[in-house]
Structure formats: C-alpha cells, structure tokens
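Below is one structure; the comments refer to it alone.
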Number of protein chains: 4
Amino acid sequence: MAPRAETRNRLLEAAIRTLAVEGYGGTTARSIARTGGFAPGVIYYHFEDLEALLVAALRHTSQARRAYYEEALGSCTDAAELISRLRDLYAEDMRDKGHIDAVQELVTASATSPRVRAELLAHIDSWSEFATDAVQRLVAGTTFEDMAPSRDIGMMAVAMFLGVQTLIHLDGDRSRIQSLFATVEPAAILWDTFAGNRTPTPDK
Amino acid sequence: MAPRAETRNRLLEAAIRTLAVEGYGGTTARSIARTGGFAPGVIYYHFEDLEALLVAALRHTSQARRAYYEEALGSCTDAAELISRLRDLYAEDMRDKGHIDAVQELVTASATSPRVRAELLAHIDSWSEFATDAVQRLVAGTTFEDMAPSRDIGMMAVAMFLGVQTLIHLDGDRSRIQSLFATVEPAAILWDTFAGNRTPTPDK
Amino acid sequence: MAPRAETRNRLLEAAIRTLAVEGYGGTTARSIARTGGFAPGVIYYHFEDLEALLVAALRHTSQARRAYYEEALGSCTDAAELISRLRDLYAEDMRDKGHIDAVQELVTASATSPRVRAELLAHIDSWSEFATDAVQRLVAGTTFEDMAPSRDIGMMAVAMFLGVQTLIHLDGDRSRIQSLFATVEPAAILWDTFAGNRTPTPDK
Amino acid sequence: MAPRAETRNRLLEAAIRTLAVEGYGGTTARSIARTGGFAPGVIYYHFEDLEALLVAALRHTSQARRAYYEEALGSCTDAAELISRLRDLYAEDMRDKGHIDAVQELVTASATSPRVRAELLAHIDSWSEFATDAVQRLVAGTTFEDMAPSRDIGMMAVAMFLGVQTLIHLDGDRSRIQSLFATVEPAAILWDTFAGNRTPTPDK
DNA sequence: CATGAATGAGGCTTCATTCAT
DNA sequence: AATGAATGAAGCCTCATTCAT
C-alpha cells in the first residue's frame, strides 16, 4: 500500500517503543532509527523534526487508547463495576506498558518542548473530559446529582492517574497499585448500596 | 562555617534555582555555574559529577521542606483543620515555587539518571510515610481505626500530590487546584462530624 | 523536440533559476527539483551528478548570452556608440538578472568544484576573446593599431565586468554602476574625436 | 600571556589558512580545527558560531593589510611611481597568497552569509576610500582636478582589483596580471608627462 | 581551593545519491 | 522515462568533564 503511510507508522511505533524502553533522555534520532531498523534520515523525510515525530506519536497512541477505554467502560453506572473494569484495563496496560511509559516520558519531555507540552495538554483534557463523564454517570439520579462537582472530581481522577503513573515510573512497583484498587473497592460497594434509590439504567 | 561547606551550599542552591528556572533540559554545568556565580570547574571539586550534585540538591531541599511540613501540621487530628493547614502550606509553596518546580524537574531527570531516580524514591517514601502518619492520626480512635488501610491511603495522597504537580507543570493553571481544596472541604467536615465518638487526643 | 531534450532543458533552466534565486548555498538537488516541478531523481537520469548539471547550465546560458551580445554590438567601431550599447545591454541584464546572478553564484561554486571552475574558465575565455575583438575594432585604422595590447585591454574589460558584478553581488547597489558608464562616456567621446583620422567602416 | 587572546589568534589564522587552502566549501569547523591543531569545540568557546569566526578573520587580516598598503604607498603623487609600488605590493601578495585567497573565498561565502557580506562591504568601502584618496592625490593640482570623478574612479579601481582577483582565483594564472601592469605603465608615464604643470607637492 | 580554557563525544539535521516501482 | 522514498555521510553545535595554572 501507500509506502509513505506505512513507513510513517513504523516511525511512530519506533518512537513509542524507544521512549518506553530508553526513556526520554535516550530517545535520540539515532536510537529511534536503531529501534525501527531504518536510517536516521528518514525521520526528517517524514517529519519536520524530532519534536514533530514525538508529538505525532503521542497523538497516535493517545487516540487509540482513549477509544479503547471508551468502548471498554461503555455507559457503566455501577461504581463497583466501574472499578472492576478499570482494574482490568489497568492490568492490560501493564502487560504492554509501551503506551503508558511513552506518555510518562513525554510528560518529562514537556519540560523542554512547548510543542510536546501543548499536545500533552490536549491529551490531558481529553482524559479529563472522559473521567468527568464517568463521574456524572455515577451520580446521575442520586441525591448527589446536583451537588457533586463532577468536573473537579474528574480532574482529581486524572491527577490520581498521573500521580500513580509517576510512582510506577519511579519505582516500577506495580503490586502497590493493585492494592489501591482493593482499597477503593469497598467504598465503591458502599456507594452502590446507599447512594442508590435511583432507577437503574440498563447497561448499554 | 567551614568554607568548604559554604561553597557546597552555594552549589546546592544554585542547582535548585537553575532547575526551577531553566528546567531540567537547561540545567547544565555551565548554567548552574552562571546562576551561582562560580566557575563550572568547582562542581567537580565538590561532587563526583553533575548527577551527584542534583541528587544532593534534591536531598537537601526535600529534607528541609519535609521538616517544615511536619512542624506545620503538628499532630492534627481534625480533618477540616488538616485540609485547611495543607491549603496554607500549598499556597506558601506556590509563592516560592523553587522547591516544587525543582523536584518536578527531577522527576523528569529520573528518566535518564538511575541515581536521581533512586533519590527520588527515597523522597517519595519519606512523604508517603508522612502522609500515612497523618491518616492514622485521623482514624485513630474511630470505628475505622482497624479497617482503614492507612498505608494505601497515604500513598494515594502522595500520588494525588504528584499528579497535581504534573498538571500544574503542564498548564500552569493553579486556580483549579484551589478549587480542589474547596471540593474536599465538605467531605472533611462530614468526616469530623460523624466519624467521631472517639477519645480526643491532646494536640501533641 | 525529442522528449529527452525537452526535459533536459527544463533541468537546465530550473538550475539557472534556482542559482539566481536561492544562491549557490541553496541550490540542492531538491531545491532545483522543486523549482522545476520534477522529482529529484530525474537529475540523475539526465546528468552524471549535480555538478554536471551546473556545468551544463553554465554553458547553456553563457552561450545564449554571448550570441545575443555579439549580435547587439555588431561590428561597432565607434567608442561612444559602443559604450551606449553596452549600457543598454547592461540595463537589460539587470531587468532579468537570472543569467548574471547564476554565473556569479557559480563563481562561488568554483571554490568547491573543479569542474565548475573549468567551465567558468572557458566562459571567461570566450568573453575575453569577445572583448578583445571589440577593442581591436576600436583601434583598427588608428595610430594605436599596432601598439595597443588589445588582448590585455580585453582582459581588463572582463576583469572590470567581473569586479562590478561582485560589487553588485555584495551590496546590490546598481545606481553606482550607471554612474560608472557616465564617467566613462566623456573618455569615449574624446577617443572618437582624436584617435580618428581613419577610414570609417560601415556598421555591419 | 593571556591564553585566551593567544588561542583566539590561532583560531583566526587557522581560519584564514583553511579558507586559502581548502576553499570556502572546504572550510568546516572540523577542517579549521585540523589546520590549527585544536579541537573543533574551541571555536565555539571563542566565537558565537562559524560565521562569527570567519567575519572576525576577515576583519583581522583586512585591517592589517590595509595598514600595510597605506604605509607602502605613502602620499605618492606620481602615477608611474604609484603603479610601480602597486606592482611590488601585488607581487608581495602573490608570494604569500593567504590573505588574498581568503578574502576571495569570503566573497564566495557572502552568497550564503549575510554577516560575512556585511563585513565584506565594510572591507570594500575601506579599500574604495583608499583608492579614492590615491586618485585624488594624482589629479590634485592638475587641470583635471575639478572634473575627475575621483570617487567613481576609486570604485573602478576596486572593481578592477576584485575582478582580477576573481580571474586569479579561477585560473591561477598570475603571469597575465603582471602583463596588465606592463600595459598600464605607459599610460601612467603619459599622465605624469602631460597632466602636469602643477605645483609639485613634497612627498609626505 | 578555585578558575576557565580546552577536549571530544554525541545530538540534530541536511543533502547528494540510489533504487524499487 | 520518471518517481519519490530511503540511505548514510558529514556539517554545525553543545555539553560534561578534565587539567594546567
């Protein structure tokens, strides 16, 4: 097929892989090329510069992951169910950490590169909106519907997610995170039990 | 003070300031020397290499800040009071962002430098322990005393803190954070009102 | 015209235009291709390498221009008339500076490329000969006929021309050049008046 | 002595030598370093960038040469004598062609570099003024004093000089230039003989 | 103890050139 | 004939680090 698009994809994936494996500091034109098995020059054939490749890679991987989460969560209104599904998604992310790690490295990169930072902000906004929606579905029809600041809670969820990523990034200890899910679960069940007296929505 | 230690301190502070102002990418031996008004060569007289200076600077600033927080929070057992004091500390941190920014940049640096990463972990552990203690004081004497996973909650607090820092780092929008405190406040009051029926502990 | 030759011509003209517009430093295989609206690869289909294209382009434009000058000057034997015609040709060259600029850029290129240098020498020799002929027509039949070193004077004319081009190249101030013609004019009239007592040759 | 200034001089001279020997195209940070026997990095320790080094080198060599010419020509008012001295200076320049060649290469460089071009213009202006002065001394006290456009003639002299340099640059044939002096000499003698009837000015 | 000039490895990027289509 | 994607050498420049003073 279009050889152009194919190589472009190879570049994007090589960039993600290199970020995940070598870290942002180790992500140079040469190292990306080595990872992908092509000449450093190609990068500049397809992208303005290295920054542009990283930005494109972020967008690429972020959009795919966002769509997947959206589908997996569906229009779930049950807190315990939501936590459970998130735990599964999280486990999945941990099995192939490429995406997560790459994003974390780009948070790093944003210190130096305004363009990466801008793209990252878009990424964050997108997830923030996603989380806000989930919270709203949770409180809809409960006594808290009108008093809960969904947007703030959504943002806290994103902050939590980023913070947890940073922790993982720092010590690579995943077990503690699984225990976080365990910690939250009882609270979710509590919520489902008492917040309730609403009309149950059929799950999609 | 020994002249040796004095210069060492100038180095540490110059490193922190440079990290905060120029970002990790702009923190070179030369830029640190420029900030501090000394020759690049001195760094190598006092430290093995640049990494060692950064690690030492992190430890230096982190310990000072940790001690200050410890004192400011005292042995506070009242949730609303705790949130209020944290809000003040946070506001203070925002007024002189040097420390916070420098640490955030070092999170960045940890991508490349194992030694910085190791030091950061120590830093995180220290804060994690600090948060765990605060949570334990909160639940002590309540019905939840035995069931609350204080350690996990402490870790979540740290994650939250890191995530919020990352968000600030990315878009510099601090106002949203103040609104987070506002969001949490009612929950704290709720807690203080109902978790109660415990023997009040004398404040230190 | 053979399609082969047609494309070749597009290459030559694209090369000249690119040299004139982008300068030698900006004349790359890609920029020439962009100017001419073809793929970089074609160049190598028609020419050994980039140098060969430049050499051919120089020859191409130089011969055309030389023929045009030859015709315009005819067999003029009147000094004032000669100066006047040269002034017109010069003005014409300035209106479409492509040729002049391209050659000037190739003088530049000769620093790096022996083949361009060789071709330029041929070009110079050709113009030198042209100038020598003009001088000889001027002195023919006068008392100076046998003593004037026409070849040296011709070479001085070429040097003058090159030097003036360099000046233009450097500061782009053309007005000064027009004033040079004005400076020379009286001398030409003087010559026509006193060198004379020869049999006038019919103009062509 | 001041190690700084000493190295700076080594850089300037290495730049001139490299320009003269390798041509502008061959004058890279690496080749200059090789010529001077130092590491490429030093260049950037002493100069903003390569362009800055070349500009400085041009100024350095140009000023020295200009001063030398000034002294050698003195306030000579005799045309034949002037030509003779110029011929000597020229021969001298040819014996150590470093300066001349370097300048010629920089004329070339001016195509690409605005800063080199600007410096070159200053250089040209300086020589133009120098030539204008010489012409004025020649016509002073003669019948032509008021009608001769010294400035234009000065500029023609500079153009002539540049053009001759270009010719040398292209074919390296110096002999022809020597014959140019021979060609001009009779004219100079003629001038001295007939332009005269002026009050002789004491030499200096 | 401190200085700051010098080193040289390595980063980003450009470009002539080749080659499969 | 022509295309245009890919190659890889080489250019400029920065920076951690060393070392003579």
inquiry  = Assess whether a salt bridge exists between B:Arg115 and B:Asp49, defined as any Lys/Arg side-chain N lying under 4.0 Å from an Asp/Glu carboxylate O.
reply    = yes

Is there a side-chain contact between [X] and the phosphate of [N], meaning an N or O under 4.0 Å from OP1 or OP2?
X	N	value
B:Tyr44	F:dT17	yes
D:Thr28	F:dA10	no
B:His46	E:dC1	no

message = Under a 3.5 Å cut-off for both contacts, is E:dG4 paired Watson-Crick or G-U wobble with anything, and if yes, with which nucleotide?
response = F:dC19

remark   = Mate of F:dA9 across any strand shown (Watson-Crick or G-U wobble, both atom pairs under 3.5 Å) is E:dT14

message = With nearest nucleotide decided by heavy atoms, which residue, D:Gly41 or B:Glu51, maps closer to the 5′ end of DNA chain F?
response =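 Residue closer to the 5' terminus by nearest nucleotide: D:Gly41.
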
key: B:Leu50 vs A:Phe38, nearer the 5' end of DNA chain F by closest nucleotide   =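 Nearer the 5' end of the strand: A:Phe38.
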
message = Could you walk me through whether D:Thr27 and D:Glu22 satisfy the side chain to side chain donor-acceptor pair (under 3.5 Å) test, starting with their C-alpha distance in whole Å, then the side-chain angles of each, then the deciding distance to 0.1 Å, before giving a yes or no?
response = CA-CA 6 Å; D:Thr27 299; D:Glu22 317 265 6; over 6 Å; no

[X] has an atom [atom1]; how far is it from atom [atom2] of [N], in whole Å?
X	N	atom1	atom2	value
B:Leu53	F:dT17	CG	P	11 Å
D:Asp49	F:dG11	CG	P	17 Å
C:Ile43	E:dC19	CD1	C1'	16 Å

request  = Among F:dT7, E:dA5, F:dT17, find the nucleotide with the atom closest to the side chain of A:Ala39.
outcome  = F:dT7

ask   = Between the side chains of B:Thr35 and B:Thr18, does any donor sit under 3.5 Å from an acceptor?
value = yes

ask   = Is there a donor on the side chain of A:Arg30 or the base of E:dG10 sitting less than 3.5 Å from an acceptor on the other?
value = no

message = With hydrogens left out and only the distance checked, is there a donor-acceptor pair under 3.5 Å joining D:Tyr45's side chain and the base of E:dA6?
response =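 Such a pair does not exist between side chain and base.
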
query = D:Ala29 near the nucleic acid: base, sugar-phosphate alone, or nothing, with a heavy-atom cut-off under 4.0 Å?
reply = sugar-phosphate

key: Contact nearer the 5' end of DNA chain E, comparing C:Glu48 with D:Pro40   =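 Nearest-nucleotide comparison on DNA chain E picks D:Pro40.
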
ask   = Nearest heavy-atom pair of B:Leu54 and B:Ala15: which atoms, and what distance?
value = CD2-CB, 4.5 Å

